[in-house]
Amino acid sequence: GEKVSGKLGPLAFSGTWGGLALRLQPTPLLVGQVEGEGRLRGGRLLASLRYTSPYAAFPVRVRQAGGGFFLESPHG
């Protein structure tokens, strides 16, 4: 069938190959961590992530368009 689900490290996914729901569990970075949800629809990624550290916390939107990825934040 077309339905899939599974987990790859901290990334869980479920849905169909044409519309895959993604969930990133808290993932440590050098400073802080990132977590969030997204979708892979028609081969394009759109995700809403949250970065937190002892020094800052802010949302980050990841959008795939054209040949690249764009990181967007409400803080400019």
Side-chain angles (χ1 to χ4, degrees):
E2 192 178 294
K3 291 198 176 230
V4 295
S5 66
K7 193 169 183 183
L8 182 60
L11 181 65
F13 54 90
S14 64
T16 65
W17 288 116
L20 203 56
L22 307 169
R23 181 167 191 74
L24 182 65
Q25 296 299 317
T27 303
L29 303 172
L30 189 59
V31 176
Q33 67 179 17
V34 65
E35 64 183 299
E37 305 82 30
R39 291 198 74 73
L40 187 60
R41 184 169 284 163
R44 301 272 185 204
L45 175 68
L46 181 61
S48 296
L49 304 176
R50 292 171 299 284
Y51 170 79
T52 56
S53 80
Y55 311 105
F58 52 87
V60 177
R61 185 172 182 224
V62 180
R63 179 174 53 89
Q64 183 179 2
F69 292 90
F70 296 88
L71 303 177
E72 303 167 339
S73 173
H75 304 293

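A quick note: this is a predicted structure, and the numbers were derived from the prediction, not measured. When reading the values below, keep in mind they use all heavy atoms of this one structure, side chains included, and skip hydrogens, waters and symmetry mates.
- Taking the salt bridge (Lys or Arg N to Asp or Glu O under 4.0 Å) definition, one finds that Arg41 meets it with nothing, sequence neighbours left out.
- Shown here are the side chain to side chain contact (heavy atoms under 4.5 Å, CB included) partners of Leu71, two or more places apart in sequence or in another chain: Val60, Val62.
- Here the closest heavy-atom approach between residue Arg44 and residue Gly66 is recorded as NH1-O, 3.0 Å.
- Following chains of ILVMFWY side-chain contacts shorter than 4.5 Å, one can reach Leu24 starting from Val31, so the two form part of one hydrophobic cluster.
- The side chain to side chain contact (heavy atoms under 4.5 Å, CB included) test applied to Leu40 returns Leu20, Leu22, Leu45, not counting sequence neighbours.
- Residue Pro59 comes nearest to Ser73 through the heavy atom pair O-OG, 3.5 Å, listed as atom of the first residue, atom of the second, then distance.
- Phe69 and Leu46 are members of different hydrophobic clusters when ILVMFWY side chains are connected at heavy-atom separations under 4.5 Å.
- The ring-ring contact (aromatic ring centres under 6.0 Å, His included) contacts involving residues 20-40 comprise nothing, where partners must be two or more places apart or lie in separate chains.
- Annotation: side-chain hydrogen bond (donor to acceptor under 3.5 Å, both in side chains) contacts involving residues 48-71, sequence neighbours excluded, comprise Glu37-Arg50, Arg61-Glu72, Arg63-Glu72.
- Residues passing the side chain to side chain donor-acceptor pair (under 3.5 Å) test with Gln33: none are found, sequence neighbours excluded.
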